[in-house]
Structure formats: C-alpha cells, structure tokens
Amino acid sequence: MPDLTRNAVDVLPAGRLAEQLEEGRPLRVKLGIDPTTADIHLGHTVVLEKLAEFQRAGHQVVLIVGDFTAQVGDPSGRSATRPVPSAEEIEANAATYQDQAFKILDRERTEVRRNSEWLRMEPEALLGLLAQTTVARLLERDDFQKRMAASQPIAALELLYPLLQGYDSVAVEADVELGGTDQKFNLLFGRDVQGAYGQKPQSIMTLPILVGTDGGRKMSKSLGNYVGVTDAPEEMFGRLMSIPDEAMPEYYRLLLGSEQPGGPPNQAKRELGRRLVDRFHGGGAGAAAEDRFNRIHVQHAVPDEIPEVGLDAYRADGNGLVHLPRLIAAAFDLSSSEGRRLLQQGAVKLDGEPLGAEPLDREIDSLDGHVLQVGKRRFCRLRATP
RNA sequence: GGGGGAGUGCCAGAGCGGUCAAAUGGAUCAGACUGUAAAUCUGACGGCUAUGCCUACGCAGGUUCGAAUCCUGCCUCCCCCA
C-alpha cells in the first residue's frame, strides 16, 4: 500500500492519521475549493492528486465547492482583502470546477457538496457558530499578524472564514481534511469547530504549494504564472517548457510523483510537458503538442492548422487596398494602434517575410492566400473572398 | 465621538499649476539570443485610416491663458486615539 503521507508537509496531530487508518474503515476525506477564479491550475492539482490517492486506497472523498465561502474570501496567504466575485461568476465557476476536478478524481466515487447547502443558515445558528471562538484566537493567524503590523486593513468578514470552513467539516463529518500549507490555520481551526459541535476532530494534512512558471512565486492566477488544467495542449506544453530548470524537480515530485529523470534538462522538461498534457488531454496529446512546439519554436515554421481571415471587410475606403493595422487588429484581436506598433517593430510577417512599417495599405491581391504572422506564435491565412 | 491620511494607467506606485498619455517596478507584447514561451539585453505598452485628433489621473462643479496638480461639494477607503 502506497504511503499516503508522501509529499505531505504537515500531518497533524502526530500519529492521528495512522490511528484512523488502523480502524480499517473508509475515512471521509475532505477538500474545499472556493470557485473564485474560472480555472483550476496545476497548483490545485497537487492536493487533488493526494485526494485521488486516498480515493484509490478506498476512502470516501468529499469535494466541497465553496460557493458560499467564495463570497466571504479566504484570507489565507493574503496581504489584502480578496475581491469578492459576483454571484454569477461564482455560479459559473462552481459548475466548471467540478468537471475540472474530475480530470483527476473518480467522478463515481466522489461526494460533491456545495457549502451553501448548510452555510446559508438561520441567523441564530450563525450566532451559535460565532460563539464558539474568540477574536484573539482568530487574529492569531500569521496573515492577520502581518497585516496588523503593516497597518493593513482586515475585513470583519475575513475573520469569519475559518469558522465557516470549520463548519463545513462539521456538516460533512470529515475525518481528514487536506489543503495547501497556507491552509494550516484553517484546517486546524476546523478541529476546534468540530469539537465544539461534539464531533471527533479531523486530522489534517498539508501539501506543498507549487511554485509558478516563473520559478519564484507560488502558482496563482493573479500572478499570471499558472498552467490551467483546461489550457489548450500546446499552450500547456509551452508554458511548461518555460519553467526554470531549477523548478523541474519539484514539478516532477509534486505533479508526477517521481524523480526527475537524468539526462539533459531539455529532455526532462519535454517529458514533463508530454506527460502532463497527456494527463489532461488524453494519451498522445502530449506528443502532438510537442510537435507543434517544435514546428513553431525550433523550426520557426507555420503550424498545420491555422484560422482563415477574410480580407474583404478590411478594404481601405477606396478599392483594392487593405489597411494593414485594421486587418491585424481584427485578425488577432488587438487594437489598430497595436497593429501599427507591431508593424513598426518588424513583428508582422507575410509568408515569413517581415512587412515594414510602410506602406500601411497593401493590394488585396498581394495578400490573398498568404499567411499573416504576428510574433512567433500567432498565424492566420488570408482570403479575399469571405 | 475626536484626530490624521489616501483615491492615478492591467497591478503596485511616483508626480502635486505648464515641457504629463503621466517616472519607476511587475505583468504583457515584440526584437536579438537560446535546448526553451527560461535567463539576459533592447524596444513597445489608452484609442483613432494618425506629423494631428479624441479620451484619461474617484465623482460633480469652480479658479486659471493653462489643472492629475489649486478651491468647493460629494462619494469611497485606510490608520490612530476614545
């Protein structure tokens, strides 16, 4: 039987999980994810993979979509109050989160709950929950200490968060709760809440936070250094190729559960990319993404499939002339000012030949059927007839 | 209840009457280089069929030849004391 604590940073209280496993019954293992952004990224999958391990070992996984707590905002690891998404955004995200999570978890064997089920409670019940702790206890957490030291605001709402998350554990009668290391306070706090409600406190396990593609800060959507599990194969492969070599061992260990193979870093990184693309897009997708990557970035060639753009809509006022800035803007979803700048920078190519800054208008016949390219990665084929 | 401070571009953050489409850093995009969409270096980075025009520094007015910068009101936020 595989060691369920592999890669874990904290498993608390000491020895508790081992005792629970000794009991021989399926444990209820909880993970909560707030649908605050649209996509789950590889950072989230570190914990999801661990959850899948529990699942494969026969335990009952309880995935909580925090549609209610998303409105509160988890202060974990935050130096400022989290902006609260609109109800519509939360709803939309909540729907896609489940599908994304099931790229890793076994749908049939996962209990999915939304915490609005029980957190949308009567005010009296909420007061009862609030009575279970003290402000001093809530302020203990590192995030708040830092903010107070820096005279940064702490929203009263944020104080509530650990209580609500803890109540989730009560509602689903969790035996074990997983989370990133930044969740340690919340996870431990859940034990207190469970105790207050007469339940046997859960044990907790924290897992490392995956570093982002910049190799420095944690992977997060807002930092733009993430790889989303729904990213297109070549996007995913490309982003993975851009991680610093030093980050590779960690990616191997946390995402693939193995050591980085020996040999040239380039080979190892390509393997990492292929394997992860395969995982999220099915077998063979990794190799295909690598092919495309090679074409574009190594051979500087045009990919097989590129979109077509009709030219007629971008004719200049006169007749057979096409105004390039407008064409570029429309073809690649930019502004025409950006189109001009790109032309000036020599970033726009027609069949691989740079188009200079002048002239701005070209004969439509000289463009028809040719490949327009902006930078290294954006291509389209031009057609005179729509 | 009292006192102090802040609202600027995608984010952070300078500017505090003209030379400000607004320093600097991050993000982003492009060029060079490269095993790489890394690192590094260079450049760009509101919009517009464009040597000019339009929009923009919380909102609304006002002073001035001229305002992000001064004044008035309003809105929002933060800190400290109680």
Side-chain angles (χ1 to χ4, degrees), chain A residues 78-83 147-158 211-228 231-248 250-251 263-274 276-277 289-300 303 313-349 352-362 364 372-379:
Chain A
R78 291 229 136 214
S79 57
T81 305
R82 186 184 292 273
R147 282 205 231 169
M148 289 203 284
S151 291
Q152 294 289 315
I154 298 169
L157 194 57
E158 294 180 88
V211 70
T213 53
D214 57 3
R217 299 163 300 178
K218 74 167 188 171
M219 182 174 285
S220 104
K221 172 115 182 187
S222 54
L223 293 174
N225 62 357
Y226 71 105
V227 181
D231 283 350
E234 51 273 10
E235 182 74 17
M236 190 178 276
F237 188 87
R239 281 180 185 270
L240 286 165
M241 285 302 282
S242 80
I243 66 171
D245 291 355
E246 306 78 69
M248 254 202 293
E250 195 180 328
Y251 273 61
N266 186 25
Q267 293 306 313
K269 199 178 290 180
R270 284 167 176 275
E271 183 183 329
L272 174 77
R274 282 195 305 270
L276 287 173
V277 172
E290 184 177 20
D291 278 350
R292 188 180 160 99
F293 182 86
N294 286 338
R295 247 175 193 281
I296 296 176
H297 295 288
V298 180
Q299 298 159 24
H300 299 291
Y314 311 108
R315 285 178 190 276
D317 284 337
N319 22 43
L321 290 177
V322 170
H323 188 61
L324 287 177
R326 267 177 71 189
L327 173 65
I328 294 162
F332 302 110
D333 193 26
L334 305 169
S335 70
S336 69
S337 294
E338 279 184 283
R340 279 170 191 258
R341 280 181 227 124
L342 289 165
L343 280 166
Q344 277 165 9
Q345 291 179 106
V348 182
K349 294 180 189 147
E353 291 302 312
L355 292 172
E358 295 287 332
L360 289 177
D361 298 312
R362 310 286 286 214
I364 197 164
L372 183 69
Q373 176 183 357
V374 167
K376 295 189 181 71
R377 308 162 55 193
R378 286 172 287 188
F379 301 87

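The structure presented is a predicted model; accordingly, all values stated were derived computationally and were not measured. Only heavy atoms go into these numbers, but all of them, side chains included; no hydrogens, no water, no symmetry mates. Residue numbers start from 1 in every chain, and the chains themselves are labelled A, B, ... in the order their sequence lines are given, proteins ahead of strands.
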Set of salt bridge (Lys or Arg N to Asp or Glu O under 4.0 Å) partners for A/Asp291, sequence neighbours left out:
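Result, salt bridge (Lys or Arg N to Asp or Glu O under 4.0 Å) vs A/Asp291: none returned.
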Quick one: salt bridge (Lys or Arg N to Asp or Glu O under 4.0 Å) partners of A/Lys218, sequence neighbours excluded?
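By the salt bridge (Lys or Arg N to Asp or Glu O under 4.0 Å) rule, A/Lys218 matches A/Asp182.
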Residues two or more places apart in sequence or in another chain: which of them pass side chain to side chain contact (heavy atoms under 4.5 Å, CB included) with [X]?
{"X": "A/Ile296", "answer": "A/Arg292, A/Pro303, A/Phe379"}
{"X": "A/Asp231", "answer": "A/Val227, A/Glu235, A/Met236, A/Arg239"}
{"X": "A/Gln344", "answer": "A/Ala357"}

Just how far, in rounded Å, is [atom2] of [N] from [atom1] of [X]?
{"X": "A/Ile328", "N": "B/rC29", "atom1": "CD1", "atom2": "P", "result": "17 Å"}
{"X": "A/Asn225", "N": "B/rC11", "atom1": "CG", "atom2": "P", "result": "18 Å"}
{"X": "A/Lys349", "N": "B/rA30", "atom1": "NZ", "atom2": "C1'", "result": "10 Å"}
{"X": "A/Gln373", "N": "B/rA30", "atom1": "CD", "atom2": "C1'", "result": "12 Å"}
{"X": "A/Glu246", "N": "B/rA39", "atom1": "CD", "atom2": "P", "result": "10 Å"}
{"X": "A/Leu342", "N": "B/rG31", "atom1": "CG", "atom2": "P", "result": "9 Å"}
{"X": "A/Leu343", "N": "B/rC29", "atom1": "CG", "atom2": "P", "result": "18 Å"}
{"X": "A/Asp333", "N": "B/rU28", "atom1": "CG", "atom2": "P", "result": "18 Å"}

Under 3.5 Å between N/O atoms: give me all the protein pairs with nucleotides 40-45 of chain B, atom names plus distance.
| unit_1 | atom_1 | unit_2 | atom_2 | d |
| --- | --- | --- | --- | --- |
| B/rG43 | N2 | A/Gln345 | OE1 | 2.9 |
| B/rG43 | N3 | A/Gln345 | OE1 | 3.4 |

Kindly indicate, with the supporting measurements, whether the criterion side-chain contact (heavy atoms from CB on, under 4.5 Å) is fulfilled by A/Glu338 and A/Val374.
CA-CA 11 Å; A/Glu338 279 184 283; A/Val374 167; over 6 Å; no
All ring-ring contact (aromatic ring centres under 6.0 Å, His included) counterparts of A/Phe293, not counting sequence neighbours:
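Result, ring-ring contact (aromatic ring centres under 6.0 Å, His included) vs A/Phe293: A/Phe237, A/His297.
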Close N or O pairs between protein and nucleotides 34-37 of chain B (under 3.5 Å):
| unit_1 | atom_1 | unit_2 | atom_2 | d |
| --- | --- | --- | --- | --- |
| B/rG35 | O2' | A/Asn266 | ND2 | 3.3 |
| B/rG35 | O6 | A/Asp245 | OD2 | 3.2 |
| B/rG35 | N2 | A/Lys269 | NZ | 3.4 |
| B/rG35 | N3 | A/Asn266 | OD1 | 3.4 |
| B/rU36 | O2 | A/Met241 | O | 2.8 |
| B/rU36 | O2 | A/Lys269 | NZ | 3.3 |
| B/rA37 | OP1 | A/His297 | ND1 | 2.6 |
| B/rA37 | O2' | A/Ser242 | OG | 3.3 |
| B/rA37 | N7 | A/His297 | NE2 | 3.1 |
| B/rA37 | N6 | A/Glu234 | O | 2.9 |
| B/rA37 | N1 | A/Arg377 | NH2 | 2.8 |

Watson-Crick and G-U pairing of RNA chain B, under 3.5 Å, as dot-bracket with | and [ ]:
((((((((.[[[..)..(.....]]].(((((.......))))).(((...)))...[[[[[..)....]]]]]))))))).
B/rA68 and B/rC78, which share atom name P, separated by this distance in whole Å:
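Looking at atom P only, B/rC78 and B/rA68 are 28 Å apart.
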Going by side-chain hydrogen bond (donor to acceptor under 3.5 Å, both in side chains), name the residues that satisfy it together with A/Arg270, two or more places apart in sequence or in a different chain.
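Once residues adjacent in sequence are excluded, the partners of A/Arg270 under the side-chain hydrogen bond (donor to acceptor under 3.5 Å, both in side chains) criterion are A/Asn266, A/Glu290, A/Asn294.
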Nucleotides 3-6 of chain B: which of its N/O atoms have a protein N/O under 3.5 Å away?
none

Anything under 3.5 Å between a protein N or O and an N or O of nucleotides 50-57 of chain B, put it in a table, one pair a line.
| unit_1 | atom_1 | unit_2 | atom_2 | d |
| --- | --- | --- | --- | --- |
| B/rA50 | N7 | A/Arg340 | NH2 | 3.4 |
| B/rA50 | N6 | A/Ser337 | OG | 3.4 |
| B/rA50 | N6 | A/Arg340 | NE | 2.9 |
| B/rA50 | N1 | A/Arg340 | NE | 3.2 |

